[in-house]
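Down below is the structure, laid out as structure tokens.
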Number of protein chains: 4
Amino acid sequence: MTGPPTTTQARTRAERLRQELREEIVTAAFEEFSQRGYHDTGIADIAQRLGIGHGTFYRHFKNKRDILDHVVDGLLARILEALAAENAPDAVDTLDEYVEQCRRISGALSEIFSADPRVARMLLLEATSIDAELTERVLGLFDTATALTAAYFMHGRELGYLRADLDVDGTARAVVGVILANLLQGLRTPADREAQRRTADAGLRLMFDGIARR
Amino acid sequence: MTGPPTTTQARTRAERLRQELREEIVTAAFEEFSQRGYHDTGIADIAQRLGIGHGTFYRHFKNKRDILDHVVDGLLARILEALAAENAPDAVDTLDEYVEQCRRISGALSEIFSADPRVARMLLLEATSIDAELTERVLGLFDTATALTAAYFMHGRELGYLRADLDVDGTARAVVGVILANLLQGLRTPADREAQRRTADAGLRLMFDGIARR
Amino acid sequence: MTGPPTTTQARTRAERLRQELREEIVTAAFEEFSQRGYHDTGIADIAQRLGIGHGTFYRHFKNKRDILDHVVDGLLARILEALAAENAPDAVDTLDEYVEQCRRISGALSEIFSADPRVARMLLLEATSIDAELTERVLGLFDTATALTAAYFMHGRELGYLRADLDVDGTARAVVGVILANLLQGLRTPADREAQRRTADAGLRLMFDGIARR
Amino acid sequence: MTGPPTTTQARTRAERLRQELREEIVTAAFEEFSQRGYHDTGIADIAQRLGIGHGTFYRHFKNKRDILDHVVDGLLARILEALAAENAPDAVDTLDEYVEQCRRISGALSEIFSADPRVARMLLLEATSIDAELTERVLGLFDTATALTAAYFMHGRELGYLRADLDVDGTARAVVGVILANLLQGLRTPADREAQRRTADAGLRLMFDGIARR
DNA sequence: GATGAATGAGAGTTCATTCAT
DNA sequence: AATGAATGAACTCTCATTCAT
């Protein structure tokens, strides 16, 4: 039932192909950057990976720095989306619910970082060494995570299922460090999902119970 | 009573000067690398900072990568030395003693990282983006810290002042993450020593007590 | 009374539209070239100015060099036409008639060059720096003007109203130089028509009377 | 009587070599630019002509535009020097002296332009098509020449050996056009010095006597 | 041993031109 | 016929490294 292609369809198709290529370039750039590193990757490497001329790259991205921004933006968006999806400090009213919430967040992050160790490599190792602006963006992610965590803490302290003397901000930072430990674990043993799970569990347990015997 | 310099003395003196210059180059390279970044720093920048010809650089170091190794080695040595100085898992026999020990280690690290934010910048941001070998060396530091922590945990669990069901390795990794949080705090608010202290305190408290109300 | 378009009419109409577009491209190219310069103008700039795709350009002109030829040809044609319109060495039989003739030629050139300073800019500054062939064509215009002037001189010398010892060729060249001075004045003070008129007048007076007191 | 080279001599020698190379680069650039044109000349062409690496070029000049400035500056300096050497409006008190002065100036310019047709090619054809700033510098030379000529005219008009109704400025511009005609002649018939001399003579005669029979 | 002039590999980027749609 | 996505030659410029002085 497809009639002859109308102008609108044609434009849509061209637009779609264009968009697809853009995304392929972002993906290829991510792969190259996370493997060889930003500085050791040439535009030609990215283009060659896709089998396109390297001039084509510049039809879609302003310059090398520009594609890096898009790569990082995509990763940050995925992470923020995952955090936002699980974000509901107000919906958590008991310690058990919060534990469960933390597990979900932990699981959502694992979904991203354990599934592809290159994500952590890209964000933690590469993106933090290009320039101040990009470093700021990545470290800003930690600030966001800290703020999110602090919101939960505040809520829990008010409702009384967290320590009354909890230093909300400082502890939130420490907990983001625990998350960082998980990312590092993913970098160190990319294939060992079990080790990653155990580190995540130990981190959660540390959060809630500390290490001391009761 | 100083006679004419003997050949031996001259060689010794030359040797000493040579050694001093080497160290000055390492220091200058550290300063440049941590400020401008490794890739944006030229050999000429390092040489100019010292007022030496940039050809002279190559009399003391094989190439640009080589000096980076020496810079990083120096930083790692300082940290390992600090950790080693406080390292005595066997000498800690009670929870209070371990808390105290952790405070000392935390203080020793602050001594290094808070005193000079460029150390964290160099190790965490720059050194992890050059090549696999160097990244490995830096991440290896975390492994070392993890192993050290795990030794304490093992000891504490055996002596009973730590939880009997403590996942020694996983928790050790999580705690190293807490340390990382302190380094990040130093990066984010280099001038705010108070914020750094509070983050460190919150981290210690998290370790021992967790966040839950008892 | 317009019936359905016949094939012949259609072809004719299409041909006319095609011709119009060609001319619009030449005009747009002239505007870009004379403003930004040949090398700093891209085919895309010309196309964009017309709101056509830059691929369309190549349906009408072989390449970038080709359009430049057409731009210059158009300008040269306008100038030659103006010169030819006033060209009548044989019709001038007295000094006064020749003075009048020179004024007319001067006026005709002003009509072209003062009306649009970009013409001189294009011909004198841009077109002479592309390649030998084009430079030759532009400089050839001066030869033509020289030959034309020389014809007048020859005629006037024969009829006796010009100096008997006049070096026809050399003086013709010098006089073309005076014309050039007018073009330069148009370049230097594009808005100051009065200055241009005065320079032209002074040039004519120089031609006929020289500078010395009698 | 040459002793052992002192440090001073060594530095002087290095400095001299450096200066020599700089000048060789300027010369080579002039040759390439005036032959192939600025845009068709690559830095590599200049370097190759000298048998040096193209990186060496950048040790001596900031970029391609920079060397062009130096080439043009050198040419302008030569011309201005020649003009300045003959510049003495006040020292000329009779028509004959002024004729003689004009001959000297004409000769001095011939010395430069006829000796090397590339000078005119470089200044008139190349340098006027790069950017506004450089065009301005070259056209400014004509302004200078005009001002100089006007000064002579003013002086001559005051002393009475030039026409009392002489339009000093306009005529000065026209006369600079006559000079331009000489440069063009040098471009058109670079080898025919006789033709150049005749054009120059005819120009001088035009200046003083005009073309009309008396 | 110190120097800095010389080098050239290699990078990012532009844009005239082609050609499938 | 019109389009603009794709192409890659070609260019300018940087900088780690070498080596004659």
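By convention in this document, chain letters (A, B, ...) are assigned in the order of the sequence lines, proteins followed by strands, and residues within each chain are numbered from 1.
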field: Minimum side-chain heavy-atom gap L68(D)-V72(D) below 4.5 Å
entry: yes
Residue-phosphate contact under 4.0 Å: H60(A) side-chain N/O, dA6(F) OP1/OP2: yes
message: Just N and O in the side chain of R59(A): are any of them under 4.0 Å from OP1 or OP2 of dA5(F)?
response: yes
task: Decide, yes or no, whether a salt bridge links D69(B) with R65(B) under the criterion of side-chain N to carboxylate O below 4.0 Å.
output: yes
message: Check whether E126(D) reaches the backbone of Y38(D) with its side chain - one donor and one acceptor, N or O, closer than 3.5 Å.
response: yes
statement: dC13(F) -> Watson-Crick or G-U wobble partner, both distances under 3.5 Å, gives dG10(E)
- prompt: Does a side-chain heavy-atom distance below 4.5 Å link L124(A) with T128(B)?
  reply: no
query: Pick the nucleotide of DNA chain E nearest each of I43(A) and T41(C); which residue has the one closer to the 5' end?
result: I43(A)
query: So what does G55(A) hit on the nucleic acid, given a heavy-atom distance under 4.0 Å: a base, only sugar-phosphate, or nothing?
result: base
statement: Taken to the nearest whole Å, CG/D66(C) to P/dA16(E) is 14 Å
Options dT3(E), dA6(E), dA2(F), nucleotide nearest the side-chain atoms of T56(D): dA6(E)
query: F61(C) has an atom CZ; how far is it from atom C1' of dA16(E), in whole Å?
result: 16 Å
field: Side chain H54(A) and base dA9(F) donor-acceptor under 3.5 Å
entry: yes
message: Without decimals, in angstroms, what is the distance between Y38(A) OH and dA11(E) C1'?
response: 11 Å
Separation of dG4(F) P from Y58(C) OH (nearest whole Å): 15 Å
field: Atom pair distance, as rounded to whole Å: CD in E20(A) and P in dA5(F)
entry: 15 Å
message: Which is more 5' along DNA chain F, the nucleotide nearest D40(B) or the one nearest D45(D)? Just name the residue.
response: D45(D)
Gap between atoms CZ and C1', on R65(C) and dT17(E) respectively (whole Å): 17 Å
field: Pairing partner (Watson-Crick or G-U wobble, both distances under 3.5 angstrom) of dA6(F)
entry: dT17(E)
field: Gap between atoms CD and P, on E24(B) and dA2(E) respectively (whole Å)
entry: 12 Å
message: Considering every strand and a 4.0 Å limit on heavy-atom distances, what is the contact class for L17(D): base, sugar-phosphate, or nothing?
response: nothing
Separation of dT12(F) P from L68(D) CG (nearest whole Å): 12 Å
message: Counting the atoms with a prime plus P, OP1 and OP2 as sugar-phosphate, which does R18(A) contact under 4.0 Å by heavy atoms, base, sugar-phosphate, or nothing?
response: sugar-phosphate
- prompt: So do the side chains of T56(D) and H60(D) get within less than 4.5 Å of each other, counting heavy atoms only?
  reply: yes
